[in-house]
Amino acid sequence: MKKKYGCPKSDLARYTALYTEEPLKPDARLDNPVWQRVVKSQPFVDMVSGIPGFLETRMAALWDKNYFYVGFWIQEPNVKAELTERDSYVYNENDVEVFIEGEDCYYEFQINALGTIYEVFYIWQDALKPGSRFDTGEFDLMSRNVDVLGGFQDITRNGKHPRGKRWAFMDWDLPGLKTDVYVDGKINKPEVIDKGWKAMLAIPWEGMKILAGKRNLPPKDGDCWRMDFSRFEKLEYNGVKAEPHPGWSLNKHGVYDSHIPECFSIVHFSEQKV
């Protein structure tokens with residue numbers, strides 16, 4: 001019997017995003033009373049084994065008619081970040097990430113403690129066809145900065161997704177995205193023991209139209225989306241790096257690979273007010 005690809009449903013984390021009547025400004029201090037009342041997630045676990053990460057990471061989410069809000073609480077005794085140019089490969093240092101599954105596509109967001117953002121929009125190659133909803137100038141393979149991800153022949157990916165390869169639009173930016181970071185300590189000062197850092201995203205529903213496809217925007221009470229929330233921690237001592245560096249997520253994937261929509265956690269949208 002052929003093994004089903006992905007993660008068993010019993011392994012998937014579930015999070016209920018409550019509704020806020022108060023629009024939230026991007027403030028990563030997360031000291032707004034609304035964030036104080038929200039229920040945080042369980043601590044992140046090792047992406048492969050499911051063992052709790054040795055540094056605590058939690059997330060929380062809220063939504064209103066205009067935005068989907070995500071907050072991260074990141075324990076880190078030595079907050080550090082070097083990359084400052086937008087779309088730098090911040091996954092090579094300490095970061096937190098959000099993946100959102102769409103219809104025949106998905107979105108990747110990463111941010112480091114300096115607030116440097118990395119974004120990519122992925123479309124499965126079998127879905128980008130003439131006449132499809134992706135057949136627009138926004139996803140023109142000749143004029144955009146496009147890479148290829150995945151497939152059975154891609155030796156750099158764990159899991160080898162059976163659907164095959166994805167077009168990766170490296171220059172795609174989610175319209176209207178707002179972000180902020182806050183460091184509780186002194187960044188890039190190893191002599192100072194930090195408490196950690198926080199991050200906040202405000203993702204406009206209007207900017208997720210192409211991602212959502214036929215889904216309700218904004219969601220309706222009871223709608224569920226698949227999303228992955230994760231963190232990567234660069235470990236280095238005397239110039240020696242631990243590779244692969246630890247990856248923690250809301251639920252385990254079983255392999256060291258964030259790009260498995262079947263392993264994304266389930267976010268349930270509730271109209272119950274926080």
Side-chain angles (χ1 to χ4, degrees), residues 24-31 35 44 47 53 55-61 67-100 106-122 144-147 149 156 168-192 194-204 207-208 211 227-236 239 241-250 256-259:
L24 300 177
K25 296 180 180 180
D27 182 355
R29 289 179 180 269
L30 300 176
D31 56 3
W35 286 114
F44 287 16
M47 187 172 289
L55 293 173
E56 186 174 286
T57 317
R58 295 178 187 262
M59 57 73 61
Y67 287 91
F68 176 61
Y69 304 103
V70 181
F72 285 96
W73 290 259
I74 305 139
Q75 182 187 37
E76 175 59 78
N78 181 18
V79 179
K80 53 187 177 181
E82 299 175 359
L83 299 173
T84 58
E85 184 177 349
R86 188 183 177 93
D87 289 325
S88 299
Y89 297 152
V90 297
Y91 53 81
N92 286 325
E93 53 185 37
N94 300 350
D95 78 339
V96 288
E97 307 183 1
V98 178
F99 284 69
I100 304 177
Y106 62 94
Y107 167 69
E108 176 182 12
F109 168 89
Q110 303 178 7
I111 192 168
N112 68 8
L114 288 172
T116 305
I117 294 170
Y118 171 86
E119 293 178 279
V120 185
F121 193 94
Y122 299 91
R144 302 302 298 268
N145 179 13
V146 186
D147 203 344
L149 178 80
T156 66
F169 289 84
M170 309 297 292
D171 56 355
W172 192 86
D173 296 331
L174 197 150
L177 175 69
K178 300 178 182 179
T179 65
D180 190 40
V181 296
Y182 170 72
V183 176
D184 193 352
K186 299 290 185 180
I187 190 168
N188 295 327
K189 296 288 185 181
E191 67 274 15
V192 177
D194 307 315
K195 290 186 177 180
W197 59 290
K198 302 175 187 177
M200 179 184 167
L201 292 68
I203 307 174
M208 287 199 279
L211 184 70
M227 303 185 189
D228 182 65
F229 306 92
S230 52
R231 170 187 180 181
F232 286 86
E233 183 75 4
K234 178 181 177 181
L235 296 182
E236 184 176 4
K241 299 178 183 179
E243 290 294 349
H245 49 291
W248 304 315
S249 48
L250 194 53
Y256 190 79
D257 190 355
S258 300
H259 294 259

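Taking both residues in full, the closest heavy atoms of Ala168 and Val120 are given as CB-CG1, 3.9 Å, listed atom of the first, atom of the second, then distance. Summarising the geometry of Asp180 relative to Ala28, their closest heavy-atom pair is OD2-N, 2.7 Å, with the distance given to 0.1 Å. Contact between Ala60 and Trp73 at its shortest, heavy atoms only, is CB-CZ3, 3.6 Å. In terms of heavy atoms, Asn94 sits closest to Asn112 at O-CB, 3.5 Å. Considering every non-hydrogen atom in both Leu83 and Thr116, the closest pair reads O-OG1, 2.6 Å. When all heavy atoms of Arg231 and Glu76 are compared, the closest pair comes out as NH2-OE1, 3.3 Å.
Contact of the Leu174 side chain with the Glu119 side chain is registered, since non-hydrogen atoms from C-beta on lie closer than 4.5 Å. A heavy-atom distance below 4.5 Å is not found between the side chains of Leu30 and Tyr182.
Summarising the local packing, CZ of Arg86 is surrounded by more than 12 heavy atoms from other residues, nucleotides or ligands at distances under 6.0 Å. Within 6.0 Å of the CD atom in Glu82, the count of heavy atoms belonging to other residues, nucleotides or ligands does not exceed 12.
Considering Gln75, Lys195, Lys198 as possible partners of Asp184, the one that fulfils the side-chain contact (heavy atoms from CB on, under 4.5 Å) test is Lys195. Of the listed residues (Phe169, Tyr106, Tyr107), just one forms a ring-ring contact (aromatic ring centres under 6.0 Å, His included) with Tyr122, and that residue is Tyr106.
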Step-by-step side-chain contact (heavy atoms from CB on, under 4.5 Å) determination, Leu114 to Val90:
CA-CA 10 Å; Leu114 288 172; Val90 297; over 6 Å; no
Stepwise side-chain contact (heavy atoms from CB on, under 4.5 Å) check, Trp35 with Leu24:
CA-CA 9 Å; Trp35 286 114; Leu24 300 177; 3.8 Å; yes
The test is side-chain contact (heavy atoms from CB on, under 4.5 Å); show your working for Leu149 and Asp147 and say whether it passes.
CA-CA 7 Å; Leu149 178 80; Asp147 203 344; over 6 Å; no
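Using modelled atom types, one finds no donor on one side chain facing an acceptor on the other under 3.5 Å when comparing Glu97 with Tyr91.
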